[in-house]
Amino acid sequence: MSNLEIATLFRNVAAVLTIQNANRFRIVAYEKVADSIEKLTSDIKDLWKDGKLREIPGIGDTIASYIDELFKTGKIKHLEAIIKSVSPAFFIFLQIPGIGPKRADFLTSNLKISNPKTALNDLKKAIKSGKISKFAGWGEKSQSELTKSIASFERGHIKENRMPLPFADSIAMQVLEYLKKLPQVKQADVLGSLRRKVPTIGDIDLAVATNEPNVVIKAFVDYPKARKTVDQGEKGATILLFDGRQVDLRVQTPKAYGAMLQYFTGSKLHNIHLREFAIKKGLSLSEHGIKNITGLKIKDLRFKNFNDKSKIYEFNDEVKFYNALGLDWIPPELREDTGEIEAALRQAQGKQQGLPKLVNLNDIKGDLHIHSNYNLEPSHDLGLSTLEELIKQADLLHYEYIGISDHNPSISGHNQLQVVEILKKRREKLEHIFTSRENSVKNRVQIFYMLEIDIDPKGNLAIPDEAFAYIDAAIVSIHSNFKMNKTDMTKRILSGLRHAKAKIFGHPTGRLLGSREGYEADWNQIFDFCKKFNRAVINSWPERLDLPDLLVREAVKKGVKLFIDTDSHEHLQMFNMQYGVSVARRGWAENKDILNTLSYNELEKWMKI
DNA sequence: GCCGTTTTCGGCCCGACTGTTTTCAGTCG
């Protein structure tokens with residue numbers, strides 16, 4: 001079972017428990033664990049194999065034992081019984097927007113609908129025949145809303161339709177630009193998962209600081225690319241764009257905007273944890289500010305004048321909001337409830353193991369995974385840009401160096417001698433171009449002559465030993481036979497990394513967001529090897545963002561060094577560095593963990609270790 | 001069912017929006 005399937009199972013259990021009037025905190029526990037599993041960036045089965053289930057927030061003894069049972073026997077007896085206690089149609093209705101557990105139960109029982117295959121049609125018939133209008137609480141509006149929701153569900157709109165981060169980024173920027181043109185908008189920001197730089201985004205969340213919310217909300221629902229208004233109130237609105245993407249807007253006054261930023265950035269689990277943390281101090285948090293619910297003097301916090309019980313204390317910026325709770329400000333990328341609140345507390349108290357000093361885009365001094373258009377008859381796609389274009393772009397980005405890492409010449413088309421000859425020629429040609437550049441001050445970018453080399457299924461590299469004389473270092477990657485078992489794949493990778501010049505493991509898990517799961521490998525072993533022999537990993541191609549953030553965090557914990565490289569095949573793609581940096585930040589990486597924050601001289605030394 | 005700067009027991013986030021409500025329940029994020 002996949003992460004999503006397991007999350008759905010727990011969510012369904014929570015729904016059934018809801019109609020059975022179970023302890024509501026038990027229900028919430030199932031919902032929380034579903035959220036938590038859904039958002040994992042590695043396969044829960046791998047975590048189970050590694051004995052790491054209990055590290056997932058929301059998994060305690062009971063649920064860990066359920067998951068153990070699931071992977072050992074294929075099912076969870078106790079939960080299956082719960083699921084079977086309701087009509088199968090119940091779970092169909094649950095997926096309709098606007099229908100929760102109570103209404104789904106009401107409809108299945110009162111209309112006696114049980115067959116999941118015909119459930120939607122049965123429901124539609126019941127509306128048409130006027131059966132539903134006889135029930136108390138089901139007025140005209142409810143019925144017409146239900147009809148619309150069923151239709152939208154049938155068109156597939158309910159389905160999770162997550163988009164890659166850069167894609168969501170560009171949509172959000174357009175809407176923001178539109179809103180910022182309004183004179184009533186004092187400040188406008190992208191929040192939610194987009195601000196936390198989650199690799200795939202569901203809805204786009206925006207917030208605006210304004211003293212005239214009505215004008216802003218009206219303008220928002222009138223956005224030219226909006227197809228329909230889903231929700232609209234005094235505090236915000238939700239629209240659906242023509243491409244089916246949902247955009248949420250929340251408005252707040254400028255003087256209370258800090259609390260809104262905090263609230264709307266999430267994550268949900270971070271916010272719940274933060275509010276629980278606050279409530280133990282007698283404080284209640286919301287998007288409007290902080291309330292002192294007891295009215296007692298708060299002693300151990302930086303802001304001590306919180307005594308008025310009837311007042312909501314407002315914060316114009318987010319830093320003050322966190323500080324008021326006795327915490328240091330937490331960077332959005334860390335807000336996933338994986339220990340960041342505790343770290344912020346330790347830091348505020350001047351203790352060890354505070355928040356990491358996260359790597360910034362400005363700290364990056366070069367990009368080593370770039371494909372040029374030099375044709376060495378490669379096994380995979382050629383780059384589109386010339387060396388000159390790449391250097392110019394690197395200079396624009398204020399880089400000190402770039403690595404030209406074309407794919408190796410294809411094995412099938414060449415014998416070993418030819419491969420050596422091709423690489424020798426490439427080195428000469430690139431060196432010639434590099435040294436004969438216009439001698440202007442601008443052209444100060446240095447070059448590493450590299451290669452991206454396939455690791456074949458047996459673990460061999462795709463160029464002969466003699467050919468390594470013509471490269472400074474290599475990125476080695478998997479481009480074929482992704483479906484090997486974990487043991488063999490791990491051996492293959494380690495074998496590929498064994499060559500002294502194989503310094504970087506490229507797009508390490510092989511995942512393609514939304515289309516291909518990564519291959520299985522023993523990351524403990526790989527990281528240990530990398531640590532011991534000075535090898536490094538990472539990639540920021542938007543559809544890969546690979547290593548995933550959870551693995552980045554493990555690598556960082558183990559002291560493994562990382563590169564953030566773009567795998568650009570065209571000079572403009574070098575801008576994608578920001579997305580790689582965001583993954584590294586979500587993995588708690590600091591400058592010391594990232595090798596391309598080193599200067600050219602330092603990195604050149606590292607290459608030779 | 002989870003979890004721990006006060007705790008292994010006894011707590012558990014908070015508000016917006018909607019419909020059909022005269023005060024609230026259900027759903028959502």
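FYI, side chains are in, hydrogens and waters are out, and symmetry mates aren't considered; it's all heavy atoms of this structure. Lettering follows sequence order; numbering is per chain, from 1.
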Query raised in the report: Yes or no on side-chain hydrogen bond (donor to acceptor under 3.5 Å, both in side chains) for A:R553 and A:T338, after CA distance, side-chain angles and deciding distance?
Result: CA-CA 11 Å; A:R553 191 158 174 200; A:T338 55; 2.9 Å; yes

Query raised in the report: Expressed in whole Å, how much space separates the C1' atoms belonging to B:dT21 and B:dG26?
Result: 12 Å

Query raised in the report: Between the side chain of A:Q262 and the main-chain N/O of A:G258, is any donor-acceptor distance below 3.5 Å?
Result: no

Query - P-based separation of B:dT23 from B:dC28 [nearest Å] - result: 25 Å

Query raised in the report: Between A:R26 and B:dG1, does any side-chain N or O lie under 4.0 Å from OP1 or OP2?
Result: yes

Query raised in the report: Can you tell me how far C1' in B:dT20 sits from the matching atom in B:dA25, rounded to whole Å?
Result: 11 Å

Query raised in the report: Under 4.0 Å between a Lys/Arg side-chain N and an Asp/Glu carboxylate O for A:R195 and A:E333?
Result: no

Query - Between B:dG11 and B:dT6 - C1' atom distance, rounded Å - result: 12 Å

Using nucleotides 7-9 of chain B, report all nitrogen or oxygen pairs with the protein that are shorter than 3.5 Å.
residue: B:dT7; atom: O4; partner: A:K280; partner atom: NZ; Å: 3.4

Report task. Take atom CZ of A:R250 and atom C1' of B:dC14, then tell me their distance rounded to the nearest Å. Result -> 11 Å

Query raised in the report: Just how far, in rounded Å, is P of B:dT5 from CD of A:Q349?
Result: 10 Å

Report summary line: With the side chain defined as heavy atoms from C-beta on, A:S284 is closest, among B:dG1, B:dC14, B:dT20, to B:dC14

Query raised in the report: Is the side chain of A:R196 donor-acceptor paired with the backbone N or O of A:T265 at a distance under 3.5 Å, no angle test?
Result: yes

Requested in this report: With C1' as the reference atom in both, quote the distance from B:dG4 to B:dT8 in angstrom, rounded to an integer.
Outcome: 9 Å

Query raised in the report: Roughly, in whole Å, what's the span from NZ in A:K235 to P in B:dA16?
Result: 6 Å

Query raised in the report: Over how many whole Å does the gap from A:D337 atom CG to B:dC12 atom C1' extend?
Result: 14 Å

Requested in this report: State whether the number of non-hydrogen atoms from other residues, nucleotides or ligands found under 6.0 Å of A:Q174 atom CD is greater than 12.
Outcome: yes

Query - B:dC13 to B:dC3 separation - P atoms, rounded to the nearest Å - result: 13 Å

Query raised in the report: Do any side-chain nitrogens or oxygens of A:Y30 fall under 4.0 Å of OP1 or OP2 in B:dC2?
Result: no

Requested in this report: Assess whether side-chain hydrogen bond (donor to acceptor under 3.5 Å, both in side chains) is satisfied between A:N323 and A:W329, documenting all intermediate values.
Outcome: CA-CA 7 Å; A:N323 287 349; A:W329 178 78; over 6 Å; no

Requested in this report: When you get a sec, tell me which of B:dC2, B:dT27, B:dG19 is the closest nucleotide to the side chain of A:K102?
Outcome: B:dT27

Report task. Ignoring the backbone of A:K141, work out which of B:dG29, B:dG19, B:dC12 is nearest its side chain. Result -> B:dG19

**Report entry** Closest-nucleotide 5' rank along DNA chain B - winner of A:D205 and A:P57
**Finding:** A:P57

Report task. Answer yes or no: does a side-chain N or O of A:H288 lie under 4.0 Å from OP1 or OP2 of B:dA16? Result -> yes

Report task. Would you mind pulling out the nucleotide paired to B:dT8, Watson-Crick or G-U wobble, both distances under 3.5 Å? Result -> none

Query - C1' gap between B:dC12 and B:dT7, integer Å - result: 13 Å

Report summary line: side-chain hydrogen bond (donor to acceptor under 3.5 Å, both in side chains) filter on A:R346, not counting sequence neighbours, yields none

**Report entry** Rounded distance in Å - CD (A:E31) to P (B:dC12)
**Finding:** 17 Å

Query - Donor-acceptor side-chain pairing of A:S267 and A:R335 below 3.5 angstrom - result: no

Query raised in the report: Could a donor-acceptor pair under 3.5 angstrom be found where the side chain of A:K281 meets the base of B:dT5?
Result: no

Query raised in the report: When the distance from CD of A:Q232 to C1' of B:dC17 is rounded to whole Å, what number comes out?
Result: 11 Å

**Report entry** Nearest-nucleotide comparison on DNA chain B, the residue closer to the 5′ end among A:T62 and A:S142
**Finding:** A:T62

**Report entry** Euclidean distance, atom CD1 of residue A:I279 to atom P of B:dT6 [Å, nearest integer]
**Finding:** 15 Å

Requested in this report: Whole angstrom is fine here: how far is it from CD in A:E287 over to C1' in B:dC28?
Outcome: 13 Å

Query raised in the report: Are the ring centres of A:F220 and A:Y178 closer than 6.0 Å?
Result: no

